[in-house]
Amino acid sequence: MECANVVQDRDDKFLVQSVEEAYKAVELGHGAPFGAVIVRNNEVVVSCHNMYKEYTDLTAHAEVTAIRERLVYGARADAAIAALGYDEFTGEALRGTGNFKKGHLEIKKADGAIAEIAEQVFENTKEKVRKH
């Protein structure tokens, strides 16, 4: 049995793309030379590099920016705050206000029926959540 940390031949092309992203980070002045790819079913879904200088966000490492590229949210922060009764501190964190700086990376907002379904989860679970 091979160790999970050993690079498989099939991973070479993904590592090459990650290295290309690392070079982009430096060439574009976005950060240190780190790149990341997210692979699913042997295909690259997202390819990113460090963006902490570009976004002035120390959490914007290559792997984090790659994950953020795939994020889609369906419910507004205010819907969660209203339904679940979060305190002001938590509300500010969810909104990205007060002492919390909102990230500079785009997170896509779902709309239409799926957004309504996403926001209903707060209303449908608020009693159970408040008990804990």
Side-chain angles (χ1 to χ4, degrees):
M1 181 173 177
E2 284 190 44
C3 177
N5 291 333
V6 176
V7 175
Q8 303 294 315
D9 288 339
R10 68 177 178 77
D11 294 331
D12 288 351
K13 65 181 176 182
F14 304 129
L15 288 172
V16 167
Q17 190 166 349
S18 179
V19 169
E20 290 170 355
E21 284 291 339
Y23 284 112
K24 281 184 194 176
V26 176
E27 290 168 12
L28 298 172
H30 292 166
F34 293 95
V37 294
I38 295 177
V39 178
R40 182 170 187 213
N41 297 329
N42 230 14
E43 290 186 30
V44 173
V45 177
V46 177
S47 179
C48 288
H49 55 266
N50 270 6
M51 298 288 286
Y52 62 85
K53 285 185 178 178
E54 174 70 10
Y55 295 118
T56 61
D57 176 356
L58 291 177
T59 67
H61 294 270
E63 66 280 8
V64 175
T65 58
I67 292 168
R68 287 177 177 169
E69 287 292 317
R70 300 183 69 195
L71 292 179
V72 176
Y73 71 95
R76 296 169 291 115
D78 288 331
I81 294 164
L84 303 178
Y86 285 129
D87 60 21
E88 186 175 333
F89 180 80
T90 305
E92 285 181 357
L94 288 172
R95 285 190 201 100
T97 58
N99 292 326
F100 297 93
K101 186 176 179 184
K102 204 167 198 148
H104 293 281
L105 298 175
E106 177 187 9
I107 300 177
K108 298 158 190 80
K109 167 73 171 89
D111 58 4
I114 194 66
E116 290 177 27
I117 291 169
E119 289 191 1
Q120 286 173 357
V121 71
F122 300 120
E123 198 60 41
N124 294 340
T125 61
K126 68 182 178 184
E127 295 304 318
K128 188 172 185 175
V129 171
R130 285 184 179 171
K131 290 179 184 177
H132 294 97

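Numbering of residues begins at 1 and proceeds along the displayed sequence. Side chains are part of it too, since the values below use all heavy atoms of this structure and drop only hydrogens, waters and symmetry mates.
When every heavy atom of Gly35 is checked against every heavy atom of Ala22, the shortest pair comes out as N-CB, 3.7 Å. Residues Val46 and Ala66 approach most closely at CG1-O, 3.5 Å, considering heavy atoms.
Note that CG of Leu28 is 8.5 Å distant from CD of Glu54, once rounded to the nearest 0.5 Å. Atoms OG and NZ, on Ser18 and Lys13 in that order, are 14.5 Å from each other to the nearest 0.5 Å. One finds the CD atom of Glu63 at 7.5 Å from the CG atom of Asn50 (value rounded to the nearest 0.5 Å). Rounding to the nearest 0.5 Å gives a distance of 12.0 Å between OH of Tyr52 and OG1 of Thr65. Here the CE-CZ distance, from Met51 to Arg68, works out to 10.5 Å after rounding to the nearest 0.5 Å.
For His61, there are no ring-ring contact (aromatic ring centres under 6.0 Å, His included) partners, not counting sequence neighbours.
Of the options Glu21, His49, Lys53, a side chain to side chain contact (heavy atoms under 4.5 Å, CB included) to His30 is made by His49 and by none of the others.
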